[in-house]
Amino acid sequence: MTTPVAERPFVLATPAAPVERHGTVDLYVPARTGPAPAVVVVHGAPLPPDVPDPRDWLLYRGYGALLAESGVVGALISYQVTELSAMPASADDIAAMVEQVRADPRVDPDRVVLWFFSGGSLFAADWLRDAPPWLRGIALTYPLLVPFPGWDVDARFLPVDALAAGPGVPLVLTRAGRDIPPVLAGIDAFLPAAASHGWQVQVIEVPDGQHSFDILDHTAQSSEAVLAARDAVLALLDTQ
């Protein structure tokens, strides 16, 4: 029997971390005094309506615990996209949840990174186009940066096109070498466009990784890639 995606274990054995659930936001708070930088994790989309809340997936719980262990607030948000027509409303929900995280007194509101995964990366377009001053960077892991063939997606959610706004915050992109062809094609379009417009992009390669390598490929290469992405995000937050 195939293990459901929500129950597939994270590639790293991270220590259990206390979790606070505040509506649609879960906070993994580090053991430190004073406000800490925050990383808001934006899960993949669209998802079938019967899939468990991504905040309860071992994958994202692993990232939340890893971030808290690293001294920053890990914020896992939950939004629902079952139809592509819901993307504008979901984008507004995501923005509101980011502000909820920034308003928490344990968070330094001027040191935030947004970390997008898979299909959730289409929502990065808004932030690429117009990054607020408190946004220190954007991370993208096995990102969908060009909609799948046949998808009718509002032009607002085209990250490659958003790069034309000119260089904004630094980017960290994790590429899985054995990802599905549409994802790889989108990355192949995104990186040259970013370079031509002057964006700073750090690329972390996982040559043997599949899409969702961080739960599918329990190898040293996968572990090292996750830690490299974590370290790149921490560097954006000036915590190293």
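All values reported here derive from a predicted model rather than from experimental measurement.
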Exercise. Leu47 and Met87: same hydrophobic cluster, using ILVMFWY side-chain contacts below 4.5 Å?
Worked result: no
Exercise. Between Val226 and Phe213, is any pair of side-chain heavy atoms under 4.5 Å apart?
Worked result: yes
Seminar exercise, completed: Here the pair of heavy atoms bringing Val81 nearest to Ala45 is CB-CB, 4.2 Å
Exercise. Is any side-chain heavy atom of Phe117 closer than 4.5 Å to a side-chain heavy atom of Val41?
Worked result: yes
For this session: Of all the heavy-atom pairs spanning Leu84 and Pro46, show the shortest one and how long it is.
Result: CD2-CG, 4.4 Å
Problem set entry | Residue pair Val19 / Leu76, side-chain heavy-atom distance below 4.5 Å | no
For this session: Tell me, yes or no, whether the heavy-atom count around Glu83 atom CD, taken from other residues, nucleotides or ligands under 6.0 Å, exceeds 12.
Result: no
For this session: Say whether Leu122 and Leu173 are linked into one hydrophobic cluster, either directly or through other cluster members, by side-chain heavy-atom distances under 4.5 angstrom.
Result: yes
Exercise. Can you find a side-chain donor-acceptor pair between Asp217 and Ser222 that sits under 3.5 Å?
Worked result: no
For this session: Kindly indicate whether the side chain of Ile187, heavy atoms from C-beta on, has any atom under 4.5 Å from the side chain of Leu145.
Result: yes
Problem set entry | Trp127 side chain vs Leu114 backbone, donor-acceptor pair below 3.5 Å | no
Exercise. Asp214 and Arg8: salt bridge (Lys or Arg N to Asp or Glu O under 4.0 Å), yes or no, with the steps?
Worked result: CA-CA 9 Å; Asp214 37 13; Arg8 291 180 178 268; over 6 Å; no
For this session: For salt bridge (Lys or Arg N to Asp or Glu O under 4.0 Å), just list the numbers for Arg136 and Asp238, CA-CA rounded to whole Å, side-chain angles, deciding distance to a tenth of an Å, and then say yes or no.
Result: CA-CA 9 Å; Arg136 296 299 183 92; Asp238 298 325; 3.1 Å; yes
For this session: First locate atom CZ of Phe157, then atom OG of Ser121, and finally report the distance between them rounded to the nearest 0.5 Å.
Result: 13.5 Å
For this session: Walk me through it: do Asp56 and Arg21 pass the test salt bridge (Lys or Arg N to Asp or Glu O under 4.0 Å)?
Result: CA-CA 11 Å; Asp56 297 326; Arg21 180 153 290 185; 2.9 Å; yes
Problem set entry | Expected output: side-chain Trp57 to main-chain Pro52 donor-acceptor under 3.5 Å | yes
Problem set entry | Closest heavy-atom pair and its distance - His218, Pro9 | NE2-O, 3.0 Å
Problem set entry | Distance, nearest 0.5 Å, that separates CG of Asp110 from CG of Leu135 | 11.5 Å
Exercise. Do Val113 and Ile138 touch side chain to side chain, with heavy atoms closer than 4.5 Å?
Worked result: no
For this session: Search all heavy atoms of Ala91 against all heavy atoms of Asp126 and return the closest pair with its distance.
Result: CB-OD2, 4.0 Å
For this session: Go through the steps for Leu27 and Asp104 under the test side-chain contact (heavy atoms from CB on, under 4.5 Å), then give the verdict.
Result: CA-CA 10 Å; Leu27 294 180; Asp104 191 287; 3.4 Å; yes
Problem set entry | Cluster overlap Phe123 with Val51, hydrophobic side-chain contacts below 4.5 Å | no
Exercise. In terms of hydrophobic clusters joined by side-chain contacts under 4.5 Å, are Val201 and Val183 together?
Worked result: yes
For this session: Compare every heavy atom of Gly198 with every heavy atom of Pro167, then report the nearest pair and how far apart it is.
Result: CB-O, 3.3 Å
For this session: Give a yes or no on whether the ring-centroid distance for Tyr63 and Trp115 is below 6.0 angstrom.
Result: yes
Exercise. Between the side chain of Ser90 and the main-chain N/O of Gln80, is any donor-acceptor distance below 3.5 Å?
Worked result: yes
For this session: Give the cluster check for Leu66 versus Val206: same hydrophobic cluster or not, with ILVMFWY residues linked at side-chain heavy-atom distances below 4.5 Å.
Result: yes
Exercise. Looking just at side-chain N and O atoms, do Tyr60 and Asp26 make a donor-acceptor pair shorter than 3.5 Å?
Worked result: no
Exercise. Atom NE2 of His211 and atom CD1 of Ile180: how far apart are they, to the nearest 0.5 Å?
Worked result: 5.5 Å
Exercise. Passes side-chain contact (heavy atoms from CB on, under 4.5 Å), Leu227 versus Leu12? Steps please.
Worked result: CA-CA 9 Å; Leu227 291 174; Leu12 297 177; 3.7 Å; yes
Exercise. Do Glu205 side-chain atoms and Ala176 backbone N/O form a donor-acceptor pair below 3.5 Å?
Worked result: no
Problem set entry | Any Leu140 side-chain heavy atom under 4.5 Å of Thr174 side chain | no
For this session: Could you check Val160, Leu171, Val203 and say which one makes a side-chain contact (heavy atoms from CB on, under 4.5 Å) with Leu191?
Result: Val203
For this session: Determine, stepwise, if the pair Val40 / Ile77 fulfils side-chain contact (heavy atoms from CB on, under 4.5 Å).
Result: CA-CA 7 Å; Val40 180; Ile77 66 174; 3.8 Å; yes
Problem set entry | salt bridge (Lys or Arg N to Asp or Glu O under 4.0 Å) evaluation trace for Arg156 with Asp154 | CA-CA 5 Å; Arg156 171 182 172 185; Asp154 190 297; over 6 Å; no
For this session: Provide the closest heavy-atom pair for Tyr28 versus Ala17 in the form atom of the first, atom of the second, distance.
Result: CD2-CB, 4.0 Å
Seminar exercise, completed: OG1 (Thr14) and CZ (Arg61) are apart, to the nearest 0.5 Å, by 9.0 Å
Problem set entry | From CG (Leu184) to CG (Leu144), nearest 0.5 Å | 11.0 Å
Exercise. Counting only N and O atoms by type, is there a donor-acceptor contact under 3.5 Å from the side chain of Gln100 to the main-chain atoms of His22?
Worked result: yes
For this session: Evaluate the side-chain proximity of Pro159 to Leu128: yes if any heavy-atom separation is below 4.5 Å, no if none is.
Result: yes
Exercise. Can you list the steps and then say if Val11 with Ile215 is a side-chain contact (heavy atoms from CB on, under 4.5 Å)?
Worked result: CA-CA 6 Å; Val11 68; Ile215 54 174; over 6 Å; no
For this session: Ignoring hydrogens and angles, tell me if any N or O in the side chain of Arg178 forms a donor-acceptor pair with the backbone of Gln210 under 3.5 Å.
Result: no
Exercise. In Å, rounded to the nearest 0.5 Å, how long is the span from OG of Ser85 to CG of Asp152?
Worked result: 9.0 Å
Problem set entry | More than 12 heavy atoms from other groups under 6.0 Å of CD on Glu20 | yes
Problem set entry | Parallel, tilted or perpendicular, as decided by the 30° and 60° cut-offs, for the rings of Tyr79 and His43 | parallel
Exercise. Are the side chains of Val101 and Arg106 in touch, meaning some heavy atoms are under 4.5 Å apart?
Worked result: no
